[in-house]
Structures are given as C-alpha cells and as structure tokens.
Amino acid sequence: MNMPSETIRQHLIDPELCIRCNTCEETCPVDAISNDGRNYVVDPALCDGCRSCVDPCPTGAINIWLPVAGSQVYSRDEQFRWDSLPEPDVGATPLLLDDSQGGRGQAGAVVENLFSLRHPALATLSVNIRLTTPNSGVDIHHIVLDLSTQHFPFLEGQSVGIVPPGLDEHGKPHSMRLYSVASSRGGEAGESGQLALTVKRVVDDHQGQERPGVCSNYLCSLAPGSEVRVVGPFGVDFLMPVETVPIVMICTGTGIAPMRAILQRLQVIGQADAGRLLLFYGGRSLEALAYREELHKLQESHALDLELALSRQPGQPRRYVQDALEERHDVLTRLLAEGRVHLYLCGLKGMEQGVFEALQSLCARRGLDWDALRRAMAEQSRLHVETY
Ligand code: NAP
C-alpha cells in the first residue's frame with residue numbers, strides 16, 4: 001500500500017490482543033463492531049470514531065488507529081481473515097495507541113502492554129495450589145508465576161494475558177486468555193516479581209456441554225518449574241484510588257482475584273480497616289470460595305467488613321451478592337451519599353444487572369437518586385467494573 005498525502009487513521013482491533021469478551025460490540029452506539037465467531041472487527045463505513053468502546057476494552061486491543069490511504073481502508077471481510085494486524089507502510093507512523101482523550105482515570109505512570117504476544121515475558125510457575133475442596137464441585141487454583149528474572153511491573157487491578165501452548169482447531173496458535181492479578185505490586189507474600197492468579201478449571205461451556213477450557217486446564221495442571229508465556233500488564237480502569245477513601249468491593253467466583261490484590265496492598269500500607277472496606281463475595285458454598293481462610297482472618301482482625309453470599313446451601317434459599325447488598329443498605333446508602341466511595345465490581349457478567357438494581361432500590365428507599373450517583377461515580381472514575 002502506498003501512503004499518499006490523504007491518509008486517514010482507520011480504527012481497528014488487534015486480533016492478537018483481543019480476548020473476545022464482546023464488550024466492544026455491546027458498547028458501540030452505532031453498531032459498527034461485529035464478530036464472525038473468531039475475530040471482532042470495526043466496520044469503517046459505520047465507525048464515527050466516538051471512542052465509546054476504547055476505555056471499556058480490558059486489553060487495549062481496540063485502541064488501534066492505523067494510518068491508511070483513504071482509498072484503501074480495510075474492509076470487514078479483510079479484518080475477519082486477519083491473525084495479526086497488518087504492518088504499517090514503511091515511513092508511515094507505526095500503529096497508534098490513541099490516548100488523545102485522556103480519561104483513563106488514574107493511568108498516570110502506570111505501565112501497560114510492556115510484553116506483547118511476539119515478545120512475551122517468560123515466567124516460571126512457582127506455586128500451583130488447589131484452593132477448593134474436591135467435594136465443592138469447583139476446581140479453583142492459586143497460581144504464582146515467578147517473573148523476577150525480568151522487569152514486569154504490575155499494579156493491583158491490572159490483568160495479564162497467558163498464552164497457552166499449542167494450536168487451536170483452526171491450526172492457529174491459541175489466543176491469549178486474560179486473568180486479573182491476585183497479588184499486590186510488591187509480589188505474592190511480599191516477594192518481588194511473584195505474580196499470583198486465581199484460575200478456575202473450566203470444564204463446560206455456557207450451555208453446560210462438556211468443553212474443557214484450554215488455558216485454565218493448562219494452568220491448573222501445570223507443574224512447578226514449568227515455563228509460562230505472559231503478556232501485558234493490561235488495564236487502568238480497575239486501579240486502586242490514590243486517596244484514602246471508602247472502598248466497596250462486590251465479586252462472584254474468581255472475581256475475587258483483583259479484590260485480593262487490593263486487600264493485600266491496603267494491608268501493606270496499613271489502610272485495611274473494616275470501617276471503610278467492605279467486601280461482598282458470592283459463591284455456591286463455603287467450600288467453593290477461594291481464599292476463605294485469609295478473608296476470615298482479615299474479618300476477625302477488623303481489617304475487612306466481609307459479607308458472603310452463598311447460593312447453593314442445602315435447605316437454604318439462594319443468596320446472591322445483590323441480596324447481601326440489600327441487607328447492608330444502611331452502610332451502603334451512607335457511603336454513597338457521602339460521595340467519596342469507590343465501587344469495584346468483578347466476576348460474572350450476569351451479576352451486573354442484579355447489583356445495579358439492588359443499589360437502585362436501596363437508594364430509592366433513602367430518597368437517593370442512584371442514576372445520578374452512578375453517573376457521578378463514573379465521571380469521577382469511582383465506578384470500576386470488570387465482568388465477563
Ligand atoms: P461461579 O462459580 O459460576 O458463580 C459464583 C457465584 O455467583 C455463584 O454463587 C453463582 O450462583 C452466583 N451467580 C450466578 N449468577 C449470578 C447473578 N446473575 N448475580 C449474582 N450472582 C450470580 O463463578 P465463576 O465461574 O468463578 O465466574 C467468575 C467470573 O469472573 C467469570 O466470568 C470470569 O471470567 C470472571 N473473572 C475472572 C477473573 C480471574 O482473574 N479469574 C477476573 C475477572 C473476572 P449459582 O451458580 O448458584 O447461580
């Protein structure tokens with residue numbers, strides 16, 4: 001492709017960084033984004049460059065603005081066939097990661113995208129422990145990766161990509177899978193360069209059909225000493241507040257991972273205080289919860305106000321995190337009305353609606369306008385959502 005003076009910046013999605021979470025397609029207000037079951041692409045005829053999709057993307061895969069000749073934009077069909085982005089023309093500005101609008105909250109000096117798929121960090125698996133009992137029906141592992149031989153900085157709330165070895169059913173290398181960091185910046189157990197993940201072994205698909213997850217089974221079965229390819233770190237939308245403010249964390253299942261990282265950090269800096277630190281944690285049973293002993297210890301030492309929501313207790317009605325929120329309406333409405341609280345939501349996509357409905361309902365009982373509060377929280381980067 002030659003690059004005449006009339007060059008435009010075409011909005012594209014990097015198929016190597018995309019984790020196919022569908023967030024962009026759901027977010028796009030003009031339906032410019034679609035997928036063929038393999039790639040997510042941007043229709044150049046529809047995209048108006050509004051950037052609504054950019055911040056919600058967990059890996060930055062969508063923040064690509066490639067200089068192309070105006071007459072040679074890449075069509076949807078071409079993009080569907082890509083395994084990686086095309087190289088920019090010699091002499092053209094390379095791939096642009098556009099941060100012209102700022103707006104990524106507390107990004108500041110945060111490091112993102114240091115290691116790419118082409119140049120991943122090589123970690124050594126140092127710990128692989130099953131956290132849940134065999135009779136729980138859930139196989140969740142605490143995995144620690146030793147990255148101490150390279151400079152791989154990360155912050156609480158960021159994620160990393162893991163690249164499983166081997167090829168997919170199309171004969172292509174497996175795409176990376178994204179996991180939240182579950183340890184604080186100082187490293188797991190205070191050991192620098194040790195990065196923890198919380199991984200659930202996936203055994204079936206969303207319809208309940210047996211379909212083992214490629215990356216989760218790879219990681220959960222991996223022996224200590226094995227090499228693991230790590231990409232990232234990614235994300236600035238789930239970072240901790242810089243100021244000392246109340247924090248409410250709401251999570252289901254392995255959505256506990258970033259909350260654990262935040263809790264570790266608050267302990268290190270002496271700010272873990274049940275008076276302004278609440279965690280609502282949903283799982284099927286006590287045995288299916290990750291890290292329940294360490295959470296219990298935090299609760300006992302008044303470092304954390306912990307509410308568990310167990311959905312499958314024999315003889316008990318189903319309890320979800322949103323039910324626990326309703327029960328704690330007093331403290332929640334007080335914190336929301338004060339206007340400083342940061343709300344973190346992580347886990348199943350399906351929980352979002354129920355959680356926001358519960359917050360709306362408990363606010364209404366106190367004469368608070370949840371929609372206005374939610375808008376203000378989003379504008380002030382106090383609402384952090386990471387659900388899949
Ligand atoms: P899970 O075990 O399937 O569910 C956890 C709990 O949530 C269960 O008690 C479940 O109840 C309940 N639940 C189901 N639907 C709900 C709803 N609509 N509202 C509220 N609660 C609901 O969870 P999981 O398999 O661990 O899933 C965790 C999710 O977190 C995944 O989607 C994962 O992608 C995401 N995530 C993981 C990480 C990570 O680093 N590993 C990071 C960020 C996000 P019932 O099953 O009894 O209905």
Side-chain angles (χ1 to χ4, degrees), residues 19-23 56-59 130-133 136-145 154 156-162 176-183 188 195-208 211-220 230 232-235 237-239 249-262 279-292 307-314 316-326 344-359 384-388:
I19 57 162
R20 283 79 179 164
C21 65
N22 204 50
T23 307
C57 172
T59 63
R130 181 171 177 159
L131 294 171
T132 49
T133 56
S136 65
V138 182
D139 187 3
I140 300 179
H141 286 235
H142 176 66
I143 306 271
V144 182
L145 301 175
F154 57 88
E156 309 77 17
Q158 288 195 298
S159 303
V160 296
I162 301 295
M176 69 166 195
R177 299 335 197 241
L178 200 67
Y179 296 94
S180 296
V181 175
S183 47
E188 178 69 8
L195 182 152
L197 304 175
T198 314
V199 182
K200 175 177 167 180
R201 190 189 289 277
V202 175
V203 289
D204 46 25
D205 63 17
H206 292 304
Q207 283 72 45
R211 188 163 181 196
V214 172
C215 196
S216 65
N217 280 278
Y218 157 63
L219 283 173
C220 290
V230 189
F234 298 115
D237 291 334
F238 216 80
L239 299 182
M249 299 176 279
I250 307 164
C251 65
T252 48
T254 52
I256 188 67
M259 312 311 193
R260 180 177 185 265
I262 290 173
L279 172 64
F280 294 85
Y281 181 14
R284 293 181 179 174
S285 64
L286 269 184
E287 294 73 28
L289 296 180
Y291 309 117
R292 62 182 192 280
E307 283 289 344
L308 300 181
L310 305 178
S311 60
R312 300 195 192 182
Q313 290 289 83
Q316 306 276 325
R318 187 195 76 187
R319 185 171 141 89
Y320 277 174
V321 279
Q322 45 269 43
D323 302 312
L325 293 175
E326 292 275 6
Y344 290 83
L345 188 57
C346 187
L348 296 167
K349 188 90 190 156
M351 76 193 271
E352 255 184 64
Q353 186 184 352
V355 164
F356 288 137
E357 281 172 5
L359 291 171
H384 314 267
V385 180
E386 205 147 286
T387 53
Y388 300 112

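Read the numbers this way: they start at 1 and go in the same order the structure lists the ligands and their atoms. Sequence positions, counted from 1, serve as the residue numbers for this chain.
More than 12 non-hydrogen atoms from other residues, nucleotides or ligands lie less than 6.0 angstrom from CD of Gln316.
Although no hydrogens or angles enter the test, the distance criterion places no donor-acceptor pair under 3.5 Å between the side chain of Arg318 and the main chain of Leu310. Of the possible donor and acceptor atoms, one in the side chain of Thr132 sits under 3.5 Å from a partner among the backbone N and O of Val138.
Protein residues lining ligand 1, listed by chain and number: Tyr179, Ser180, Thr198, Lys200, Thr252, Gly253, Thr254, Gly255, Ala257, Gly282, Gly283, Arg284, Ser311, Arg312, Tyr320, Gln322, Cys346, Gly347, Leu348, Gly350, Met351, Tyr388 [non-hydrogen atoms, distance under 4.0 Å].
There is no side-chain donor-acceptor pair under 3.5 Å between Gln322 and Glu326.
The salt bridge (Lys or Arg N to Asp or Glu O under 4.0 Å) search around Asp139 returns Arg130, Arg201, not counting sequence neighbours.
No cation-pi contact links Arg177 to Tyr179, judged by a cut-off of 6.0 Å to the six-membered ring centre and 45° from its axis.
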